[in-house]
Amino acid sequence: MLLSSARSAALSAGLGRRAASSLALKYSNAVFSAALAKSPATLNKVQTELNAISTSIKETPELNTFVTNPTLSVHDRVAGLSALFARAEGAGPKKEPVSDITRNFFTVLSENGRLGETQGAIEGFNELVSNYKGELTVTITSAAPLPRDVQTRLESSLRQSQAAQKAKSVKVANKVNPAVLGGIVVDFGDKTLDLSVASRVNKLNNLLQQSV
C-alpha cells in the first residue's frame with residue numbers, strides 16, 4: 001500500500017510542474033541572493049539571461065545533451081558554456097555581455113558536475129523572483145493546448161482565488177504534457193490541484209491492487 005501511494009504521488013508530481021531537487025534549490029537561492037544583493041536591475045538582467053538559456057536548452061538538442069552529459073571533458077565543458085553564454089547575449093548589434101553572476105552560476109555548476117540541475121535551478125530562481133515581486137504564477141498542465149475560450153474561463157476563475165487576490169499580479173500559463181491524458185493539473189504557489197485523467201486512472205489501479 002505504501003508503494004502504491006508513493007507511485008501515486010510521483011505520478012502527480014510528474015504531470016504538473018517539474019519538482020526541483022533540494023540541491024537545485026540551493027543553487028537557486030544562491031543566485032537569487034547574489035543578484036538581489038547588487039540591485040533589482042541586476043536581478044531582472046540575470047532572470048532574462050537564465051530564461052534565455054533555459055529556452056535554448058529546451059529547443060537545441062546539442063545544448064540539452066551538453067547539460068545532461070556528466071562525462072564531458074574540461075575542454076568540451078568550456079566550449080559548451082561559451083555556447084550557453086552566447087544564447088544569453090541575444091542576437092543583433094545590441095548584444096550585452098552576460099553578467100558575472102550568470103557566468104559564475106554556470107561555472108560552479110560545471111566544476112561541481114551539476115549541470116544536470118540547470119533547469120531545476122532556473123525554475124526555482126524564477127519562483128523566488130516571483131515571490132519577491134508579489135507575483136503568482138499559475139501553470140495549467142493539459143494533454144493538449146487548451147482552447148482559448150476554455151483557458152480564459154479558467155483564468156477568470158483562478159483570479160478569484162484567495163491566493164490570487166493577495167498577489168500583486170497573476171501570470172497564467174498553459175503547459176502541454178501528453179501524460180496527463182485528459183483533464184488538467186493546476187500548480188499555483190506551493191499547491192497542486194490534480195484533476196487529470198491520469199491521476200484518476202492511477203488511483204483506480206491502486207484500489208485494484210489493494211483489493212487483490
Side-chain angles (χ1 to χ4, degrees), residues 13-14 16-91 94-139 141 163 167-173 175 187-192:
R17 64 188 166 199
R18 171 178 176 166
S21 69
S22 58
L23 180 59
L25 294 179
K26 288 181 180 179
Y27 286 110
S28 303
N29 279 286
V31 178
F32 174 79
S33 298
L36 184 58
K38 284 200 169 185
S39 69
T42 300
L43 184 66
N44 290 336
K45 176 174 172 55
V46 170
Q47 184 177 34
T48 298
E49 293 170 348
L50 293 184
N51 286 339
I53 289 174
S54 177
T55 299
S56 295
I57 291 173
K58 293 174 183 176
E59 297 178 349
T60 311
E62 293 82 4
L63 292 180
N64 182 64
T65 298
F66 165 66
V67 300
T68 55
N69 185 353
T71 65
L72 293 176
S73 65
V74 173
H75 178 271
D76 287 338
R77 279 185 285 171
V78 170
L81 289 180
S82 296
L84 286 181
F85 297 150
R87 296 304 179 108
E89 291 175 350
K94 294 184 178 181
K95 287 185 179 181
E96 291 188 12
V98 175
S99 65
D100 290 340
I101 291 175
T102 296
R103 286 184 177 276
N104 291 340
F105 168 59
F106 280 100
T107 298
V108 171
L109 285 178
S110 177
E111 291 177 348
N112 292 345
R114 297 296 183 181
L115 283 170
E117 303 288 348
T118 295
Q119 295 290 39
I122 293 176
E123 289 179 12
F125 173 84
N126 282 329
E127 288 190 12
L128 291 171
V129 174
S130 292
N131 291 336
Y132 167 73
K133 294 180 177 180
E135 299 172 345
L136 175 64
T137 300
V138 180
T139 303
T141 305
K168 293 181 180 178
S169 63
V170 180
K171 294 182 178 179
V172 182
K175 173 184 173 183
D187 290 303
F188 55 102
D190 58 353
K191 298 178 176 61
T192 296

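The analysis underlying the following values was restricted to heavy atoms, covering all of them including side chains, and did not include hydrogens, waters or symmetry mates. Bear in mind the structure is a predicted one, so any value in this text is a computation, not a measurement.
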_Once side chain to side chain donor-acceptor pair (under 3.5 Å) is applied, what residue pairs with a partner in residues 39-50 remain, sequence neighbours excluded?_
S39-T42, N44-K133, K45-E49, K45-E96, Q47-N126, E49-S99, E49-T102

Hey, does [Y] have a side-chain heavy atom less than 4.5 Å from the side chain of [X]?
{"X": "V31", "Y": "L50", "answer": "yes"}
{"X": "V98", "Y": "F106", "answer": "no"}
{"X": "L43", "Y": "F125", "answer": "yes"}
{"X": "F66", "Y": "I57", "answer": "no"}
{"X": "L115", "Y": "T118", "answer": "yes"}

*Answer yes or no: does atom CZ of R114 have more than 12 heavy-atom neighbours from other residues, nucleotides or ligands under 6.0 Å?*
no

*Trace of the side-chain contact (heavy atoms from CB on, under 4.5 Å) decision for Y132 with F32*: CA-CA 10 Å; Y132 167 73; F32 174 79; 3.9 Å; yes

*Shortest non-hydrogen contact from I101 to K38?*
CD1-CD, 4.1 Å

*asked:* How close do V46 and A35 get, counting heavy atoms only, and between which atoms?
replied: CG2-CB, 4.1 Å

*Between the side chain of S28 and the main-chain N/O of A24, is any donor-acceptor distance below 3.5 Å?*
yes

Approximate separation, where rounding is to 0.5 Å, of [X] [atom1] and [Y] [atom2]:
{"X": "T139", "Y": "K171", "atom1": "OG1", "atom2": "NZ", "value": "11.5 Å"}
{"X": "S110", "Y": "F105", "atom1": "OG", "atom2": "CZ", "value": "11.5 Å"}
{"X": "E89", "Y": "I53", "atom1": "CD", "atom2": "CD1", "value": "9.5 Å"}

Please table the atom pairs, donor to acceptor, closer than 3.5 Å between any side-chain atom in residues 58-65 and protein atoms at least two apart or in another chain.
unit_1, atom_1, unit_2, atom_2, d
T60, OG1, S56, O, 3.0
T60, OG1, R87, NH1, 3.4
T65, OG1, P61, O, 3.0

